[in-house]
**Q** 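Once you've had a glance at the structure underneath, I'll fire off some questions.
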Amino acid sequence: MLDKLLKYEIKATSRTFLPLYGAIIIMSIVNRALMVTDFLIPQVISSIILGVLFVSLFAFTIVILVQRFQRNLLQSEGYLMFTIPVKPNSLILSKMIVFFMWGVLSIICGIISVFILAGNQLELKRILSDLLTVLSRMNIDEYSFALEVIVLLIIEVAIGILMVYASLSIGQVFNKNKTLISFGIFIGIFTLIQIFVSVVVKAFNFFNLEETLMQTGDIKEIQIITLIAILINALIAAALFYVTNYMLTKKLNLE
Amino acid sequence: MSAILECRNLTKKFGSKTALLDANLSIERGRIVGLLGPNGSGKTTLIKLANGLLTPTFGEILINGMTPGVETKKAVSYLPDQNYLPDWMKVEDIITFFSDFYDNFSSRKAYDMLSRLNIDKESRLKTLSKGTKEKVQLILVMSREADLYLLDEPIGGVDPAARDYILNTIISNYNENATVLISTHLIADVEKVLDDIIFINNGSIILTDTVDNIRENKGQSVDSLFREVFKC
Amino acid sequence: MEWTFSPDRPIYLQIVEQIKLKIISGEYPPGYRIESVRDLAEDAGVNPNTMQRAFSELEREGLVFTQRTSGRFITEDVNKIKELKDSMAIELISEFFKKMQEMGYSEAEILEFIESIVKE
């Protein structure tokens, strides 16, 4: 069922993103084309338009994150989504995955736009060959470390998303001022996580691990720290997921 | 176990407010049942509990002997008392959606009913009138071969012709293995279609009986009895 | 087909009465194959269980019979139908007499009334 949920989530969100990507690419081409001319005012206008589109891309991604969850699960569409025979955790997961997808695509769109604007073939080739050289010179340790960092990054983003979902799903229990309460809960969760992390760090200090790390600077030590960070973050992510799932299963309050 | 819907001491509280108190019910298959009561009497709460949209504060509710979950959702077809479909979808999109998620959904049946009502499958739900949207929602629900149909105020905001169409669809869809529960406060219109009735008020079930019994023993219609019982 | 139901009596009993009228009037002739319960229920706008109950009653009274594979039929027993017609007529007349007597007419007066009306 998850694959079907993904299909519909993508369908629902691509109506916003694809036109936006299209507009950005087109405006990038327009800008580039105008750059070789002497038409100053059109250049300025199209630069502004492009700038606005870029900001929109960022803003839209955040807004869609919140809106999709809110509108599709916590408002009237919730009557549809919570009566189809799927588990709430699939609903949450499908939205997270699709959000990641658009995040990556947005970044790619941004990169393409930059290349259209400022790149030329020579530079592109040079950047690519430099990248390949760096990659080929990495050893296995550096590869796995790079991988760990990527995993950590993904989990961090997941935590960000789940913080929003958890806040919204707790806020929906209340009948009035849901948005305000959700926002307050978001701040609360953020604070809690900060406290939790600083407690963990203090525990590390207690065991003098920080000193050991600084002495060696060996990649293996950093790797262990990274792995532990992944573990801690995964724990936080899991807790947030659990809370969201619990609220949507046991405490659902559709109007 | 032939009872399709069972409630045992079912209670639901929202903070200090009790929406449903100690409800005990056993509804058999093959019946068309009216859940009758004024607004705010607990009808919608009971239906939401049956759908798993709410969890009981106390007691239990069973569909086919199971607590509400993924399995019961396959067997229950629910028509909410409001607009609940994604506006951006076209009619054919939502048909595909139902087809994807429900094994017992018949697209053929749905398209059949849509064409008879001259509803264009290419139109976006956003553009349809309120009455047409309600008909689409009803068609989706009735195109499923479910064990339990839960219709929350299906004839509330529609014109008399549409009401007839809806009641007619319920009759023609009847099968002796399934049960239809209609929640409404418009009793006179649905009475002819009901086998059994449940009177509910202030969260408590105050009467369960068959329509025939009431007419035979009390010599009055359910509508008339309702007015008596629920006199303000 | 027009079905009208009054709200204070069980519908299945009213259906039984209306079917009986159709039988004695010849609208449903002897041996006539009746539509399915579901179709009739849709037509009348009533619950199929109710329609079924009405027909079970009619079968019990021997006015309708079911043949497994071919469906439901009106009885071919013309005597039975005549009996039904007669008993319904008697009931109507008894009702009439009762009402007239309630109004204060004696039996003799009632008969006079009937004769004079018939002569016109």
Side-chain angles (χ1 to χ4, degrees), chain A residues 1-19 64 67-95 98 169 172-178 181 245-255, chain B residues 12 14-15 17 19 44-45 47-57 63 66-90 93-94 96-105 124-126 133 136-137 140-141 144 146 148-150 152:
Chain A
M1 289 292 181
L2 184 62
D3 53 339
K4 294 175 194 165
L5 289 172
L6 289 172
K7 168 176 136 181
Y8 281 99
E9 194 57 30
I10 293 174
K11 260 180 121 163
T13 46
S14 57
R15 301 176 72 239
T16 313
F17 283 107
L18 292 181
I64 297 275
Q67 215 192 41
R68 277 306 294 169
F69 193 85
Q70 181 84 319
R71 189 177 288 183
N72 188 240
L73 296 182
L74 306 178
Q75 290 176 357
S76 59
E77 284 180 38
Y79 280 97
L80 179 65
M81 303 311 287
F82 285 104
T83 49
I84 50 174
V86 297
K87 294 210 177 108
N89 53 30
S90 302
L91 292 169
I92 301 168
L93 207 58
S94 65
K95 289 187 161 29
V98 170
S169 58
Q172 57 97 32
V173 167
F174 299 91
N175 288 320
K176 292 190 192 165
N177 301 319
K178 283 187 199 187
I181 293 177
N245 190 41
Y246 176 82
M247 293 311 290
L248 295 180
T249 316
K250 299 270 190 234
K251 300 282 176 189
L252 192 63
N253 183 29
L254 296 173
E255 296 297 310
Chain B
K12 180 65 186 172
F14 295 101
K17 177 175 183 286
T44 303
T45 304
I47 292 180
K48 283 187 180 178
L49 283 161
N51 276 304
L53 293 170
L54 290 174
T55 43
T57 309
I63 315 275
M66 303 182 279
T67 46
V70 173
E71 284 309 307
T72 64
K73 288 174 189 182
K74 291 180 186 171
V76 174
S77 190
Y78 172 44
L79 180 65
D81 178 21
Q82 56 179 263
N83 225 332
Y84 70 110
L85 303 175
D87 256 346
W88 58 270
M89 283 195 185
K90 295 188 204 163
D93 291 332
I94 193 67
T96 318
F97 184 92
F98 268 68
S99 188
D100 276 344
F101 285 98
Y102 293 111
D103 287 335
N104 54 26
F105 180 79
R124 286 203 191 270
L125 294 173
K126 181 166 20 192
K133 255 189 268 208
V136 170
Q137 290 183 180
L140 290 168
V141 166
R144 280 189 55 208
L148 178 64
Y149 297 88
L150 299 171
D152 198 347

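Per chain, numbering begins at 1; letters A, B, ... match sequence-line order.
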**Q** Would the number of heavy atoms belonging to other residues, nucleotides or ligands and lying under 6.0 Å from CZ of R71(A) be above 12?
**A**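 Counting other residues, nucleotides and ligands, CZ of R71(A) stays at 12 neighbours or fewer.
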**Q** Is it the side chain or the backbone of K11(A) that comes within 4.5 Å of chain B heavy atoms, both, or neither?
**A**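 Contact with chain B: backbone and side chain both.
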**Q** Could you tell me which non-hydrogen atom of T55(B) sits nearest to which non-hydrogen atom of T249(A), and how far apart they are?
**A**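 Closest approach of T55(B) to T249(A): CG2-O, 3.9 Å.
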**Q** Hey, mind stepping through K48(B) and F82(A) against side-chain contact (heavy atoms from CB on, under 4.5 Å) and telling me if it holds?
**A** CA-CA 11 Å; K48(B) 283 187 180 178; F82(A) 285 104; over 6 Å; no
**Q** Relative to chain B, which of M1(A), R15(A), K251(A), K7(A) shows the most heavy atom pairs under 4.5 Å?
**A**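 Among M1(A), R15(A), K251(A), K7(A), the one with the most close pairs to chain B is R15(A).
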**Q** Y8(A) vs D100(B), test: side-chain contact (heavy atoms from CB on, under 4.5 Å). Steps then yes/no.
**A** CA-CA 10 Å; Y8(A) 281 99; D100(B) 276 344; 3.1 Å; yes
**Q** Side chain, backbone, both or neither: which part of L248(A) has a heavy atom under 4.5 Å from chain B?
**A**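 Neither; nothing under 4.5 Å.
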**Q** Taking side-chain contact (heavy atoms from CB on, under 4.5 Å) as the criterion, tell me which of T72(B), V70(B), V76(B) meets it with P85(A).
**A**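 When side-chain contact (heavy atoms from CB on, under 4.5 Å) is applied between P85(A) and each of T72(B), V70(B), V76(B), only V70(B) qualifies.
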**Q** So for F97(B), is it side chain, backbone, both, or neither that comes closer than 4.5 Å to the heavy atoms of chain A?
**A**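 It is both, since atoms from each part get that close.
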**Q** Are more than 12 heavy atoms, taken from residues, nucleotides or ligands other than D3(A), located less than 6.0 Å from that residue's CG atom?
**A**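 Count over threshold, so yes.
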**Q** Rounded to the nearest 0.5 Å, how far apart are OG1 of T44(B) and CG of L254(A)?
**A**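 Taking OG1 in T44(B) and CG in L254(A), the distance rounds to 12.5 Å.
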**Q** Once you round to the nearest 0.5 Å, how far does CZ of F105(B) lie from CD1 of I84(A)?
**A**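 So the gap between those two atoms works out to 13.0 Å.
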**Q** Under a 4.5 Å heavy-atom cut-off, does chain A meet the side chain of T96(B), its backbone, both or neither?
**A**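 Both parts, heavy atoms under 4.5 Å.
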**Q** For P80(B), is it the side chain, the backbone, both or neither that has a heavy atom under 4.5 Å from a heavy atom of chain A?
**A**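 For P80(B), the side chain is the part near chain A, not the backbone.
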**Q** Non-hydrogen atoms of chain A under 4.5 Å away: do they reach the side chain of N83(B), the backbone, both or neither?
**A**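 When you check distances to chain A, only backbone atoms of N83(B) fall under 4.5 Å.
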**Q** Treating Y78(B) as the side-chain partner and T83(A) as the backbone partner, does any N or O pair qualify as donor plus acceptor under 3.5 Å?
**A**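 Flag not set: sc Y78(B) to bb T83(A) has no pair under 3.5 Å.
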**Q** Roughly how far, to the nearest 0.5 Å, is CG of L54(B) from NZ of K250(A)?
**A**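 Result: 12.5 Å between the selected atoms.
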**Q** Which heavy atom in S76(A) sits nearest to a heavy atom in Q82(B), and how many Å separate them?
**A**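 In terms of heavy atoms, the two residues are closest at CB-OE1, 3.2 Å.
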**Q** Relative to chain A, which segment of I94(B) carries a heavy atom at a distance below 4.5 Å: side chain, backbone, both, or neither?
**A**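 Just its side chain gets close to chain A.
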**Q** Does any backbone or side-chain atom of F101(B) lie under 4.5 Å from a heavy atom of chain A? Answer side chain, backbone, both or neither.
**A**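 Both parts, heavy atoms under 4.5 Å.
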